[in-house]
Amino acid sequence: MNRIQPLPPIDSAAAEAALAALGAQSVECALGDFTSVARGKRVSRTDFLGLGGCKLPTVALGLTVTAGESDAVFGPMVPASYSDMHLVPDLATLAPRPGRPGEATVICEPTGRWHASHHGREIDAAELSPRAALRRVLAGFEAEGLQALVAPELELFLLTRQESGGRVTLGSARAQPGAMARESSCEAFSLERAGHFEAYFDDLYAACEVLGIPVSGHAHESALSQFEVNFRPGAPLAQADAVFRFKRVAREIAARHGFLASFAAKPFLDQPGTGMHWHFSVQRSASAWPHVFAHEAGDSSPALGHFIAGLQAHTPAAMAFFAPYDMAYDRIALSDASPSHASWGAEDRSLAFRIPASGPGARRVENRLPGGDANPYLTVAATLGLGLAGLRAAQDPHPGADEAHRLPRSLPDALDALDRSAMLRSLIGGPLVDAFTAIKRHEHAERAALADPRHQWDLTHLIELA
């Protein structure tokens, strides 16, 4: 495949009109890196229009989740000089910033070229952008006359955290600071407990409305102080943008309510973990019956199996994207409906790739492997890219419950598999795969050097940053 291309420069007249329509005097330029942390800066309307976005140091592309800097990244892959790159806005994502009159927010992608000695050539910052990688995968669908529809389900914990003597204690959130009511054991699907947090969810839904995040409902999930939020189906890039924004706004609003919203994969070892499940369907762009995964009569088509076969063949390498931190493998090892093999089938939540009961027009594949800590752009890019490879190969899937389809049990094993994957390098791009694996190995080494990694690293950092 061709190299990842940067976004084109914005049309200044269109940008000026869009900002005027919002009454925006300043713009927040947000960049999605390999973490769930939005990085960027706020600039004046004049500077935004003059620069066609803004400048940001290239260091932002190589940071670990704890702002660490790997020697394998800085110098060989990213300029050690902290030179500037350009953040190019996607005006389709321009929206008012919730609760901030006169301020807009927009999602950007990086561009800017430098020589990367690790790759032996000049690269563009766009080649290290998860969002740009997803755009390239979607271009492959368009070239085949196909388009995808996706719908995420996000689980999150509402928590309190206390630290003493180097150890972290997590507890269920109180709906109001100082309130007596607090969940002491899992109240799965409890409307009463969910009702205690109506003020939080009211604020969260209002912010989602402003940002165009298509949330459709929520419920108490099957763990202590855990909730699931559902999204309406939508276009893949817009849905990945929505999840990127949702995780941030959910955390920000929780902080204002006096507790933490966490997407960490396994906050409690004795409770189910945090999933980020994605439903995928594929349609033909021009067809009397557009739905690829089922016949009009109602039965599933061979293409459904082909899509799953593509996922099965390369999921071990994609696990580093679906489970990007050491804590994520606690979710898999201490499984509670968290799949451990590249298995598939109908109506079974212990499977990696589930086919929910549906009519032919809504036939879809649910990828149940990603945790709440996964990057939405890389998750969607890997799933759709591997599924498209399966459609092209037209091979049949395997049951997937045997040792041949066992998934990596540790982050180092997953990173080794990703590093070796010619398929994912082709789909996502070699520079991105190399930077991602180097950053994750640095995080793993940083964590492994601690006497108590779970308390000193996982519960200290990932509760708020995953």
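Among all heavy-atom pairs drawn from T383 and F280, the shortest one is CG2-CE1, 3.4 Å. Considering every non-hydrogen atom in both R136 and G429, the closest pair reads NH2-N, 3.0 Å.
Between L61 and D33, every side-chain heavy-atom pair lies at or beyond the 4.5 Å cut-off.
The aromatic rings of Y325 and W457 lie tilted to each other, with the angle between the two planes from 30° to 60°. The aromatic rings of H257 and F259 lie tilted to each other, with the angle between the two planes from 30° to 60°. Ring geometry, F246 versus F263: the interplanar angle exceeds 60°, so the pair is classed perpendicular (tilted spans 30 to 60°). Classification of the Y377-F244 ring pair by plane angle, with boundaries at 30° and 60°, yields tilted. The aromatic rings of H398 and H405 are tilted relative to each other, their planes meeting at an angle between 30° and 60°.
Side-chain contact, T66 with E446: a donor N or O sits under 3.5 Å from an acceptor N or O.
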Self-check item: D458 vs R447, salt bridge (Lys or Arg N to Asp or Glu O under 4.0 Å): CA-CA, chis, key distance, verdict
Solution: CA-CA 8 Å; D458 295 352; R447 178 184 184 274; 2.8 Å; yes

Quiz prompt | E366 vs R349, salt bridge (Lys or Arg N to Asp or Glu O under 4.0 Å): CA-CA, chis, key distance, verdict | solution = CA-CA 9 Å; E366 180 189 8; R349 285 178 166 81; 5.6 Å; no

Quiz item: Is there a salt bridge (Lys or Arg N to Asp or Glu O under 4.0 Å) between D326 and R454 once you walk through the steps?
Solution: CA-CA 9 Å; D326 289 277; R454 179 167 175 82; over 6 Å; no

Practice problem: Any chance you could lay out the salt bridge (Lys or Arg N to Asp or Glu O under 4.0 Å) test for E28 and R248, step after step, and finish with the verdict? | Solution: CA-CA 14 Å; E28 178 193 77; R248 175 189 173 188; 2.8 Å; yes

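The structure places CD1 of I428 at 5.0 Å from CZ of F321, a figure rounded to the nearest 0.5 Å. Rounding to the nearest 0.5 Å places CE of M276 at 12.0 Å from CD of E228. Note that CD1 of I107 and CG of L87 are 12.0 Å apart. Values are rounded to the nearest 0.5 Å.
Side chain of T437 to backbone of D419: no donor-acceptor contact under 3.5 angstrom is found. In this structure a side-chain-to-backbone donor-acceptor pair under 3.5 Å is present from E347 to A357.
Here the rule is side-chain hydrogen bond (donor to acceptor under 3.5 Å, both in side chains) with H220, and of R193, E187, Q226, E183 only E183 fits it.
Remark: R425 engages D434 in a salt bridge, criterion side-chain N to carboxylate O under 4.0 Å.
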